[in-house]
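Take a look at the structure set out below.
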Amino acid sequence: MNISRKIKKQKIVVLVFLLILTHLMMRAVYDIENSLGEEETFGHRLCSALLRQGVSYSNPYLMYTNGIDQNGVKNQLLKNMPLEMCLIQKAEKEDSVTEYRQPSAIEEMAAIENSLAYQDSLKNEIETESHSKDLTNDEDGSLLQEQVILEQEAAEAYAFVPAQAPVAKYSRQQLGDPGFVKTTFYSEDPTTQIRTDQLQYDTLMGFDATLKQDNSNVQILVYHTHSQEAYIDSIPGDPSTTIVGVGEHLCDILRTQYGFNVLHHTGEYDVVTRDDAYANAMVGLDKVIAEHPTIEVMIDLHRDQTNPDTRLVTTIQDRPTARFMFFNGLCYTRALGELKNLPNPYVQDNLSFAFQMQLAAEEYYPGLTRRIYLKGYRYNLHYRPKSLLIELGSQTNTVEEAMNACDPMAHIIAMILNGENKDYE
């Protein structure tokens with residue numbers, strides 16, 4: 001009887017000890033988190049330590065929301081780990097066009113601050129220039145008139161002049177080597193793979209990209225699956241300073257300088273979310289094509305997303321010019337093979353069309369374009385054989401740089417559509 005009571009007392013003592021120990025551990029975790037402050041929680045410290053040791057782990061946020069360990073010490077550690085530090089393979093979506101990572105919230109805030117600072121500096125410059133002109137006008141009207149003439153002359157000198165001849169030239173032998181073509185003109189996403197037969201010279205250059213009709217009807221459609229994409233100095237709420245405004249500038253050049261009949265579709269498909277932008281865009285594109293069946297060329301104009309320290313800019317005729325990139329979807333992934341649920345009978349035509357553009361750009365304006373990017377999905381390039389997806393600059397470019405890129409881009413498009421690139425015999 002005495003032995004039984006002793007055992008019972010020992011159990012009670014052990015239980016009390018465990019409860020006290022658990023309470024102390026929880027209190028210690030709480031104190032550690034509070035001592036680290038809001039900027040660096042204990043979860044951050046643990047997360048950083050794991051990364052330094054090369055240890056991968058699952059997304060703690062998903063563990064939390066899925067009901068795993070919602071209470072207790074483990075959750076106290078996991079729920080505070082920053083999502084951007086979690087090593088997790090995300091399922092690929094069809095609208096993931098860019099090969100670069102998306103910026104963190106801190107980087108986006110920095111970009112906004114840079115944009116506001118840039119706008120303030122422009123405002124100050126404009127006010128200073130306006131004040132200077134007012135003084136000049138008050139003192140001597142003739143000086144103001146002379147200034148206007150000088151500005152007009154400067155604008156004319158600053159105007160873009162289409163290149164009349166290639167600056168560089170690739171040989172027929174080089175272009176006949178699929179290996180050379182692939183390494184020189186393409187960047188291949190790890191999720192997909194292009195076949196050698198798709199890179200044959202006769203296939204790529206044999207495609208007839210010329211327009212089949214005159215400009216009495218709509219020939220070219222320019223649209224934006226991601227209409228909300230903007231540049232570093234874009235003005236919030238002003239679409240004329242976003243990719244939409246750049247698209248209108250491109251359309252204007254194609255109309256006025258090259259005589260094409262161009263329709264600019266400004267439907268918005270990514271306002272609420274980008275996840276379904278391509279599916280949403282199909283509804284609008286179906287309607288536009290039904291209303292204008294004569295459309296032969298479809299250009300989906302985007303602005304890329306790059307690392308914040310990347311500057312996609314070059315100089316064309318003394319003008320700062322955003323670099324751009326042609327993009328192709330192959331409807332094929334290494335994991336799934338041919339994507340029969342996303343059929344595109346024009347995959348090869350799309351490839352050939354973009355390649356002819358890329359080749360002309362490399363020869364007439366070296367350094368203006370990045371290599372053609374290949375990815376696995378379709379990206380609504382299945383509507384027409386002559387469909388293009390173009391990434392014009394990135395979030396670190398200015399509106400001016402993007403606008404300047406429209407001049408050589410329009411010249412390249414015009415050369416291909418007018419058949420001025422068939423001289424490799």
Next on the checklist: Are there over 12 heavy-atom neighbours, none belonging to Lys340, within less than 6.0 Å of that residue's NZ?
Outcome noted: no
Next on the checklist: Taking the basic N atoms (NZ, or NE/NH1/NH2) and the acidic carboxylate oxygens, is any pair closer than 4.0 Å for Arg371 and Glu362?
Outcome noted: no
Checklist entry - Below 4.5 Å, heavy atoms only, C-beta onward: do Pro178 and Gln200 meet side chain to side chain? => result yes
Item to check | Side chains of Phe180 and Gln173 in contact at under 4.5 Å (non-hydrogen atoms) | outcome: no
Item to check | Any side-chain donor near an acceptor of the partner, Asp300 and Tyr379, under 3.5 Å | outcome: no
Checklist entry - With a 4.5 Å heavy-atom cut-off, do Tyr170 and Phe185 have their side chains touching? => result yes
Item to check | Arg172 bridged to Asp202 by N-O distance under 4.0 Å | outcome: yes
Item to check | Heavy-atom side-chain proximity of Leu221 to His265 below 4.5 angstrom | outcome: yes
Checklist entry - Should His264 and His249 be marked as a ring-ring contact (aromatic ring centres under 6.0 Å, His included) after you check the CA-CA gap, both sets of side-chain angles, and the distance that decides it? => result CA-CA 10 Å; His264 188 201; His249 185 52; over 10 Å; no
Item to check | From CA spacing to verdict: ring-ring contact (aromatic ring centres under 6.0 Å, His included), Tyr278, His226 | outcome: CA-CA 9 Å; Tyr278 282 91; His226 295 151; 5.6 Å; yes
Item to check | No-hydrogen, no-angle side-chain donor-acceptor test under 3.5 Å, Asp304 and Thr306 | outcome: no
Item to check | Note, Val246 side chain near Cys406 side chain (heavy atom, < 4.5 Å) | outcome: yes
Checklist entry - Taking NZ, NE, NH1 and NH2 as the nitrogens, is one of them in Arg255 or Glu248 under 4.0 Å from a carboxylate oxygen of the other? => result yes
Checklist entry - Does a side-chain N-to-carboxylate-O contact under 4.0 Å join Arg323 and Glu401? => result no
Next on the checklist: Salt bridge check, Glu229 against Arg274: does any charged N sit closer than 4.0 Å to a carboxylate O?
Outcome noted: yes
Next on the checklist: Are the side chains of Glu296 and Gln219 in contact, using a 4.5 Å heavy-atom criterion?
Outcome noted: no
Checklist entry - Do the ring planes of Tyr258 and Phe260 sit parallel (below 30°), tilted (30 to 60°) or perpendicular (above 60°)? => result parallel
Item to check | Non-hydrogen side-chain atoms of Ile299 and Ile413 separated by less than 4.5 Å | outcome: yes
Checklist entry - In Å, rounded to the nearest 0.5 Å, how long is the span from OG1 of Thr314 to CZ of Arg370? => result 13.0 Å
Next on the checklist: As a quick check of understanding, evaluate salt bridge (Lys or Arg N to Asp or Glu O under 4.0 Å) for Arg384 and Asp349, giving each step before the final call.
Outcome noted: CA-CA 9 Å; Arg384 291 291 188 270; Asp349 295 333; over 6 Å; no
